[in-house]
*Asks:* 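Could you have a look at this structure, given as structure tokens, before my questions?
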Amino acid sequence: GVSHVLTLALQELSLLCKRDVNGVGTLYDLLRSRWLQALLKIYECLQHYLGKRPAPVTLQAHVLSREVVELLREAPPSGEVKELRRLLRSPHFKAALLSAHDTVAQKDFEPTLPPLPENIPENEEAMRIVCLVKNNQPLGATIKRHEITGDITVARVIHGGLADRSGLLYAGDKLVEVNGVPVEGLEPDQVINIL
């Protein structure tokens, strides 16, 4: 994927970087930056998701079912044809299964983020929205209260843990909100309970 190509590019650039040919050192530092690595991981995850996302064959399965029943009326009568017509006309099949399929097929279940404000000052800090699904596994990060600011921050990211594998959390990141709950003024123990 993209990460592999970047790794190969970094290997090539590291050779040129020693000679510092035409600002290669700056390019090397840019390509090694944590934010670019995290962005590439996000990109690869999204590409993987988009490649595997199933799409409904039709948005109107109940209409297709009616068409099949009509076509079966013209088919030579047999036990299988009668059984299929009976199944397709049964209220459980029509009301429950086909109706549920059509409802799900017509909805967009993609995550939606609120729009960014238009008047963001140039000197304002960037904020990332991170979504990690734990599935009964630990987050793989510790948090603490910053001694000076009082903010809740990521103290440490444990190698191999969920946070580390995602590439989205780093030591020193400030937590603003967890699961929709603002963490300002909360103690680290209270934030852990929300996690």
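All values derive from a computational prediction rather than experimental measurement. Residue numbers run from 1 in the order of the sequence given.
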*Asks:* Linking I/L/V/M/F/W/Y whenever any side-chain heavy atoms sit under 4.5 Å apart, do Tyr170 and Val191 land together?
*Replies:*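 Looking at the clustering, Val191 is in a separate group from Tyr170.
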*Asks:* How would you list, by chain and number, every residue that makes a salt bridge (charged side-chain N to carboxylate O under 4.0 Å, His left out) with Glu70, sequence neighbours excluded?
*Replies:*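 With neighbours one apart ignored, the set is Arg73.
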*Asks:* Can you name the side-chain hydrogen bond (donor to acceptor under 3.5 Å, both in side chains) partners of Arg86, sequence neighbours left out?
*Replies:*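 side-chain hydrogen bond (donor to acceptor under 3.5 Å, both in side chains) check on Arg86 returns Glu83.
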*Asks:* How many angstroms lie between CD1 in Ile42 and CG in Leu168, if you round to the nearest 0.5 Å?
*Replies:*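 Ile42 atom CD1 to Leu168 atom CG measures 4.5 Å (nearest 0.5 Å).
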*Asks:* Between atom CG of Leu72 and atom CG of Leu88, what is the distance when rounded to the nearest 0.5 Å?
*Replies:*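 Nearest 0.5 Å value for the CG-CG distance: 6.5 Å.
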*Asks:* Which atom names give the shortest non-hydrogen contact between Val178 and Ile194, and what distance separates them?
*Replies:*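 In terms of heavy atoms, the two residues are closest at O-CG2, 3.4 Å.
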*Asks:* From Ser78 OG over to Leu84 CG, what is the distance, rounded to the nearest 0.5 angstrom?
*Replies:*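 With rounding to 0.5 Å, OG (Ser78) is 9.5 Å from CG (Leu84).
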*Asks:* Heavy atoms, side chains only, cut-off 4.5 Å: are Arg89 and Val69 in contact?
*Replies:*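 Arg89 vs Val69: side chains touch.
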*Asks:* Distance check, rounded to the nearest 0.5 Å: Leu139 atom CG versus Leu169 atom CG?
*Replies:*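 Reported to 0.5 Å precision, the distance equals 6.0 Å.
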*Asks:* Can you check whether Leu175 reaches Thr153 side chain to side chain, under 4.5 Å on heavy atoms?
*Replies:*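 No. Closest side-chain heavy atoms not under 4.5 Å.
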*Asks:* Could you check whether any side-chain heavy atom of Ile192 comes within less than 4.5 Å of a side-chain heavy atom of Gln190, counting everything from C-beta outward?
*Replies:*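 Ile192 does not reach Gln190 side chain to side chain.
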*Asks:* Let me have the donor-acceptor pairs involving side chains of residues 140-152, under 3.5 Å, with sequence neighbours excluded, atom names and distances please.
*Replies:*
from   : atom 1 : to     : atom 2 : distance (Å)
Thr142 : OG1    : Arg156 : N      : 3.2
Arg145 : NH1    : Gly150 : O      : 2.5
Arg145 : NH2    : Leu186 : O      : 2.3
His146 : ND1    : Ile148 : N      : 3.1
His146 : ND1    : Thr149 : N      : 3.2
His146 : ND1    : Thr149 : OG1    : 3.3
Thr149 : OG1    : Asp151 : N      : 3.2
Thr149 : OG1    : Asp151 : OD2    : 3.1

*Asks:* Can you hop from Val68 to Leu87 via hydrophobic side chains spaced under 4.5 Å?
*Replies:*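 No, no single cluster joins them.
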